[in-house]
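Numbered from 1 within each chain, the chains take letters A, B, ... in sequence-line order. Only a predicted model underlies this, so the values are computations on that prediction, with no experimental measurement involved.
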Protein chains: 2
Amino acid sequence: MALRHAVLAALLDGEFSGYQLAKGFDIGVANFWHALPQQLYAELTRLEGDGLVSGREVVQDGRPNKRMFRVTDAGVTELQRFATAPAKPSFIRDDLLVKVQAVDGVDATPVIAQLQERAAVAEAKVEVLGKLLRRLRGDVDEEEFLLTGQRIGPYLTCQRGLAFESETRAWCLRAAELLVRRGSAGRAPSGSAHRRPAG
Amino acid sequence: MALRHAVLAALLDGEFSGYQLAKGFDIGVANFWHALPQQLYAELTRLEGDGLVSGREVVQDGRPNKRMFRVTDAGVTELQRFATAPAKPSFIRDDLLVKVQAVDGVDATPVIAQLQERAAVAEAKVEVLGKLLRRLRGDVDEEEFLLTGQRIGPYLTCQRGLAFESETRAWCLRAAELLVRRGSAGRAPSGSAHRRPAG
DNA sequence: CCTCCATAGTCAAGAATCTGAGTAGTCAGA
DNA sequence: TCTGACTACTCAGATTCTTGACTATGGAGG
């Protein structure tokens with residue numbers, strides 16, 4: 001039960017519709033929590049039912065109506081409670097790392113391709129996050145913003161996201177290059193990779 | 001359906017019991033995929049049913065019997081297929097980042113404490129992973145090992161884990177120190193953090 | 001005119017994951 | 001002797017997440 005808190009935290013920045021949240025309007029949020037639109041809509045409905053957010057219908061013409069949500073005082077209280085509760089350890093779940101772990105046992109070609117692809121995606125995210133950081137801090141420099149800004153939470157999480165993506169990119173490129181240099185591509189290793197421990 | 005491939009990849013290193021897998025015998029695996037013991041046991045049973053791993057009963061005295069598993073040829077084929085399939089984008093899910101995102105809206109004290117705690121955990125992991133890397137590469141230096149070693153998958157994923165934990169540690173310490181310097185601790189921000197956009 | 005894309009959602013079903021407890025023997029320490 | 005910790009695993013139930021639809025309107029491009 002933490003998607004709810006991610007949504008609450010995202011809504012601290014103002015009023016948003018489920019659609020906006022789903023669009024990853026704030027890369028920062030997508031950055032530490034990932035969810036499909038359906039989940040967000042469902043969660044917003046639940047949150048409203050629990051009185052932690054309040055929604056209002058906005059009638060639009062030329063396009064469908066939408067519902068905009070903001071955090072209520074009860075929602076802030078709930079966030080406060082959540083902040084005090086012990087944090088669960090974070091974890092990565094990454095298909096690509098699984099593939100790299102297994103790369104000695106299979107043909108490396110597709111893994112190399114995916115590492116390069118991932119590096120490109122990470123690079124794009126680095127740029128987006130860099131822009132977002134500049135936008136968040138405005139004209140002042142980072143040091144000053146962090147000490148005096150009123151809303152530093154999103155800035156800090158974006159920093160973390162940026163570092164993560166940057167590191168991801170570097171690692172993917174190193175790993176891909178290494179696999180290319182080893183010439184592991186094209187040939188599947190003989191037999192299975194595991195060696196019987198003198199069995 | 002990717003826990004199964006994580007388990008297969010982990011078993012490429014040899015023969016292991018569910019208990020060993022669960023213990024995170026290989027930090028490298030815990031590093032890119034997290035699962036509870038129950039899941040691992042269930043997955044191993046399913047994998048065996050599908051013929052992707054084979055298990056054998058090992059009778060022990062003085063302690064319960066166990067079942068040791070190894071990957072079958074069909075399992076390697078399945079890993080090969082998995083490696084070729086498009087990878088889903090990775091994502092982090094982290095309670096602590098949610099809390100930091102919301103830190104402007106709530107009392108920072110517990111968040112600071114959790115950042116420091118997390119930094120300590122990350123530091124411990126950095127050391128464990130560092131040792132694991134040294135053990136994996138043996139006497140040769142990294143460059144040489146990566147070019148000539150037979151089993152570099154786990155080494156690469158450990159490298160990634162190490163970089164991640166190291167970055168986590170640095171960020172947590174920076175963020176905690178910043179929040180302390182801002183003196184955001186002890187006082188809950190007045191009212192809710194969101195400001196009505198001139199509503 | 002027809003199709004695709006964007007907006008703005010909703011619903012249902014199934015897979016994956018987590019919570020929590022239970023079994024059962026061995027060994028170490030108070 | 002009792003308690004707790006370690007090995008080794010199992011089961012049931014709840015929650016969460018993913019997959020894959022489906023509704024409906026408006027505008028752009030071919």
Side-chain angles (χ1 to χ4, degrees), chain A residues 1-8 11 15-25 29-30 32-50 53 55-69 82 85-95 98, chain B residues 1-8 11 15-25 29-30 32-50 53 55-69 82 85-95 98:
Chain A
M1 194 131 76
L3 169 59
R4 60 177 4 199
H5 300 109
V7 171
L8 283 175
L11 286 177
E15 205 188 24
F16 296 100
S17 70
Y19 191 75
Q20 280 173 294
L21 286 172
K23 277 288 155 189
F25 74 101
V29 175
F32 55 79
W33 210 272
H34 147 89
L36 298 165
Q38 295 94 315
Q39 273 176 278
L40 292 175
Y41 289 121
E43 197 58 55
L44 283 167
T45 303
R46 267 196 296 275
L47 282 166
E48 195 180 15
D50 295 345
V53 307
R56 65 189 177 91
E57 186 87 10
V58 175
V59 178
Q60 305 182 106
D61 58 39
R63 55 180 60 188
N65 297 344
K66 62 181 173 184
R67 292 204 308 141
M68 301 289 281
F69 295 92
F82 173 67
K88 290 168 191 168
S90 90
F91 49 84
I92 311 177
R93 277 194 178 152
D94 194 337
D95 272 17
V98 175
Chain B
M1 196 134 75
L3 169 59
R4 58 177 8 203
H5 300 109
V7 170
L8 283 174
L11 287 177
E15 204 187 25
F16 296 101
S17 70
Y19 191 75
Q20 280 174 293
L21 287 172
K23 276 288 155 189
F25 73 102
V29 175
F32 56 79
W33 209 273
H34 147 89
L36 298 165
Q38 296 93 313
Q39 277 175 275
L40 294 174
Y41 288 120
E43 197 59 55
L44 284 167
T45 302
R46 267 195 296 274
L47 282 166
E48 195 179 17
D50 295 346
V53 306
R56 65 188 177 93
E57 186 88 9
V58 175
V59 179
Q60 304 182 108
D61 58 39
R63 56 180 59 188
N65 296 345
K66 62 182 174 181
R67 292 205 308 143
M68 300 288 282
F69 296 92
F82 173 67
K88 290 168 193 169
S90 90
F91 49 85
I92 311 180
R93 279 194 176 153
D94 194 336
D95 272 16
V98 176

Q: Roughly how many Å is it from CD in B:Gln20 to C1' in D:dC9, rounded to a whole number?
A: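 About 14 Å, once rounded to whole Å.
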Q: Please enumerate all residues that pass side-chain hydrogen bond (donor to acceptor under 3.5 Å, both in side chains) together with A:Glu48, with sequence neighbours excluded.
A: A:Arg67
Q: By nearest heavy atom, map B:Pro37 and B:Tyr19 onto DNA chain D; which one lands nearer the 5' end?
A: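 In this pair, the answer is B:Tyr19.
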Q: Roughly how many Å is it from OH in B:Tyr41 to P in C:dT23, rounded to a whole number?
A: 17 Å
Q: Just to verify, what does A:Gln39 make a side-chain hydrogen bond (donor to acceptor under 3.5 Å, both in side chains) with, not counting sequence neighbours?
A: none
Q: What nitrogen or oxygen pairs link the protein and nucleotides 25-29 of chain D at under 3.5 Å?
A:
residue: D:dG26; atom: O4'; partner: A:Gly62; partner atom: O; Å: 3.4

Q: Would you tabulate the pairs of protein nitrogen or oxygen atoms and nucleotide nitrogen or oxygen atoms of nucleotides 12-17 of chain C closer than 3.5 angstrom?
A:
residue: C:dA16; atom: OP1; partner: B:Met1; partner atom: N; Å: 3.1
residue: C:dT17; atom: O5'; partner: B:Gln39; partner atom: NE2; Å: 3.4

Q: Could you list the residues that satisfy ring-ring contact (aromatic ring centres under 6.0 Å, His included) with A:Phe82, not counting sequence neighbours?
A: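 Result, ring-ring contact (aromatic ring centres under 6.0 Å, His included) vs A:Phe82: A:His5.
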Q: Does the side chain of A:Lys23 get closer than 4.0 angstrom to OP1 or OP2 of C:dT7 through an N or O atom?
A: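 For A:Lys23, the contact criterion (side-chain N or O under 4.0 Å from OP1 or OP2 of C:dT7) is met.
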Q: Could you check how far CD of A:Glu15 sits from P of C:dA8, rounded to whole Å?
A: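 So the CD-P distance, A:Glu15 to C:dA8, works out to 13 Å.
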Q: Could you pull out all residues at least two apart from B:Pro64 that satisfy side chain to side chain contact (heavy atoms under 4.5 Å, CB included)?
A: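 Checked B:Pro64 against side chain to side chain contact (heavy atoms under 4.5 Å, CB included); zero matches.
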Q: Taking only residues two or more places apart in sequence or in another chain, which ones pass ring-ring contact (aromatic ring centres under 6.0 Å, His included) with B:Tyr19?
A: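 For B:Tyr19 there are no ring-ring contact (aromatic ring centres under 6.0 Å, His included) partners, ignoring immediate neighbours.
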Q: Round to a whole Å and report the spacing from CD of B:Glu57 to C1' of D:dT7.
A: 14 Å
Q: When the distance from CD of B:Gln60 to P of D:dC6 is rounded to whole Å, what number comes out?
A: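 Between P of D:dC6 and CD of B:Gln60: 17 Å.
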Q: Compare all side-chain heavy atoms of B:Arg93 with those of A:Lys88 and state whether any distance is below 4.5 angstrom.
A: no
Q: Separation of B:Glu48 atom CD from D:dT10 atom C1', in whole Å?
A: 15 Å
Q: Could you tell me the separation between the CG atom of B:Leu44 and the P atom of D:dC9, rounded to a whole number of Å?
A: 9 Å
Q: Between B:Lys88 and B:Phe69, just flag the one whose closest nucleotide in DNA chain D comes earlier from the 5' side.
A: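 Result of the comparison: B:Phe69.
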Q: With A:Asn65, which residues qualify under side-chain hydrogen bond (donor to acceptor under 3.5 Å, both in side chains), at least two apart?
A: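 Checked A:Asn65 against side-chain hydrogen bond (donor to acceptor under 3.5 Å, both in side chains); zero matches.
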Q: Can you name the residues that form a salt bridge (charged side-chain N to carboxylate O under 4.0 Å, His left out) with B:Arg63, not counting sequence neighbours?
A: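 Per chain and number, B:Arg63 pairs via salt bridge (charged side-chain N to carboxylate O under 4.0 Å, His left out) with no residue.
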Q: Quick one, B:Leu44 with B:Leu21, criterion side chain to side chain contact (heavy atoms under 4.5 Å, CB included). Give me CA distance, side-chain angles, the key distance, then yes/no.
A: CA-CA 10 Å; B:Leu44 284 167; B:Leu21 287 172; 3.8 Å; yes
Q: How long is the line joining NZ of A:Lys66 and P of C:dT10, in whole Å?
A: 14 Å
